[in-house]
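Every chain is numbered from 1 and lettered A, B, ... according to where its sequence line falls, protein lines coming before strand lines.
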Amino acid sequence: EDQVTQSPEALRLQEGESSSLNCSYTVSGLRGLFWYRQDPGKGPEFLFTLYSAGEEKEKERLKATLTKKESFLHITAPKPEDSATYLCAVVGATNKLIFGTGTLLAVQP
Amino acid sequence: ETGVTQTPRHLVMGMTNKKSLKCEQHLGHNAMYWYKQSAKKPLELMFVYSLEERVENNSVPSRFSPECPNSSHLFLHLHTLQPEDSALYLCASSTGSSFANYGYTFGSGTRLTVV
């Protein structure tokens, strides 16, 4: 059964304090791994898609990496506006998008 | 605006009420989805419509009734709900190519409270 586990559940950082969020997955025939950002009371907003181990993508202070078992979302010198829930999802041979429970990130000034 | 619009944004209803959630997408997508998001749980896929036909119903109680009159509109009809049905209900859409590139495009959701 396809499964996604995200850690930590919640993370509190000081502004400028870099860190990483983890997404571990088991999936049959990975077709893509997605990172989304979700602000309170809003729907998930697309950030990145990764397709194969070794792939990396960057956007401003965020960098996503992928191995055969997990993905990391690295946040460099975060700002308060980076505070949100970050969701990881995978799609495999079933063609269904399977989500993790997310990491709630709070960045304090 | 994300291209997927959900109304209402907030809804409070009693357990004996009947209400409907509406979703509209302006992206030309051919598949639409209803998700339920509860605290500390993964997004739960409820229903999938492809080309206006329901292709998936994930053991959702019959008090939730979806309707897809055309490829741009999706409804979720609610009746005799329970307090545990209180959650954020998200609508999403996709096409084959968009799905491969970025998964689904989500609306902002309807925050439902059952009292």
Side-chain angles (χ1 to χ4, degrees), chain A residues 1-11 23-27 29-52 55 57 59 62 64 66 71 73 84-105, chain B residues 1-11 21 23-25 27 29 31-48 50 55-59 74 86-113:
Chain A
E1 182 180 343
D2 297 348
Q3 194 168 2
V4 176
T5 302
Q6 291 188 247
S7 61
E9 186 175 313
L11 180 62
C23 170
S24 298
Y25 65 90
T26 54
V27 64
L30 179 71
R31 296 179 59 192
L33 182 143
F34 304 91
W35 281 99
Y36 291 88
R37 169 191 171 129
Q38 186 174 22
D39 293 301
K42 293 191 175 182
E45 178 184 344
F46 172 77
L47 291 174
F48 302 108
T49 308
L50 302 167
Y51 296 103
S52 58
E55 191 174 358
K57 288 193 176 172
K59 180 181 180 180
L62 300 177
L66 181 64
S71 176
L73 185 65
T85 296
Y86 290 85
L87 298 171
C88 173
V90 298
V91 60
T94 62
N95 216 32
K96 295 181 182 180
L97 202 56
I98 307 298
F99 283 87
T101 52
T103 293
L104 175 61
L105 175 65
Chain B
E1 199 61 60
T2 63
V4 178
T5 304
Q6 290 188 242
T7 55
R9 292 296 310 276
H10 302 273
L11 178 62
L21 310 185
C23 176
E24 184 174 1
Q25 58 97 0
L27 302 167
H29 289 172
M32 296 185 78
Y33 312 82
W34 280 117
Y35 274 91
K36 176 182 179 182
Q37 187 175 33
S38 304
K40 299 192 176 183
K41 287 187 176 181
L43 271 71
E44 300 173 50
L45 180 62
M46 300 175 72
F47 301 104
V48 179
S50 179
V55 297
E56 190 156 340
N57 175 347
N58 282 337
S59 303
L74 185 65
S86 298
L88 182 68
Y89 288 85
L90 291 164
C91 173
S93 68
S94 71
T95 60
S97 58
S98 73
F99 177 68
N101 290 328
Y102 49 82
Y104 304 151
T105 301
F106 286 89
S108 292
T110 295
R111 172 65 63 184
L112 174 67
T113 303

*Non-hydrogen atoms of chain A under 4.5 Å away: do they reach the side chain of B:Leu88, the backbone, both or neither?*
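Only the side chain of B:Leu88 comes within 4.5 Å of chain A.
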*Tell me, side chain or backbone of B:Gln37 under 4.5 Å from chain A's heavy atoms, or both, or neither?*
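For B:Gln37, the contact with chain A is made by the side chain alone.
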*Portion of A:Gln6 that has a non-hydrogen atom of chain B nearer than 4.5 angstrom*: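 No part of it gets close to chain B.
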*List for me each residue that meets salt bridge (Lys or Arg N to Asp or Glu O under 4.0 Å) alongside B:Lys40, sequence neighbours excluded, and say none if there are none.*
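Salt bridge (Lys or Arg N to Asp or Glu O under 4.0 Å) list for B:Lys40, sorted by chain: A:Glu9.
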_Over 12 non-hydrogen atoms of neighbours within 6.0 angstrom of NZ in B:Lys41_ =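 No - once you tally the heavy atoms of other residues, nucleotides and ligands closer than 6.0 Å, there are 12 at most.
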*asked:* Between B:Ala39, B:Gly109, B:Ser94, B:Pro42, who has the most heavy-atom pairs with chain A when the cutoff is under 4.5 Å?
replied: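 Top count of heavy-atom pairs under 4.5 Å with chain A: B:Pro42.
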*Residues two or more places apart in sequence or in another chain: which of them pass ring-ring contact (aromatic ring centres under 6.0 Å, His included) with B:Tyr33?*
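Listed in chain order: B:Tyr104.
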*Under 4.5 Å, heavy atom to heavy atom, which residues of residues 94-105 of chain A contact chain B?*
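At a heavy-atom separation under 4.5 Å, chain B is reached by A:Asn95, A:Lys96, A:Leu97, A:Phe99, A:Gly100, A:Thr101.
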*Can you see which heavy atom on B:Tyr102 is nearest to which on A:Phe34, and at what distance?*
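Distance-wise, the nearest heavy atoms are C-CE2, 3.5 Å.
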List the atom pairs, with distances to 0.1 Å, where a side-chain N or O of residues 42-52 of chain A and a protein N or O form a donor-acceptor pair under 3.5 Å, not counting sequence neighbours.
| from | atom 1 | to | atom 2 | distance (Å) |
| --- | --- | --- | --- | --- |
| A:Thr49 | OG1 | B:Asn101 | O | 2.4 |
| A:Tyr51 | OH | B:Ala100 | O | 2.5 |

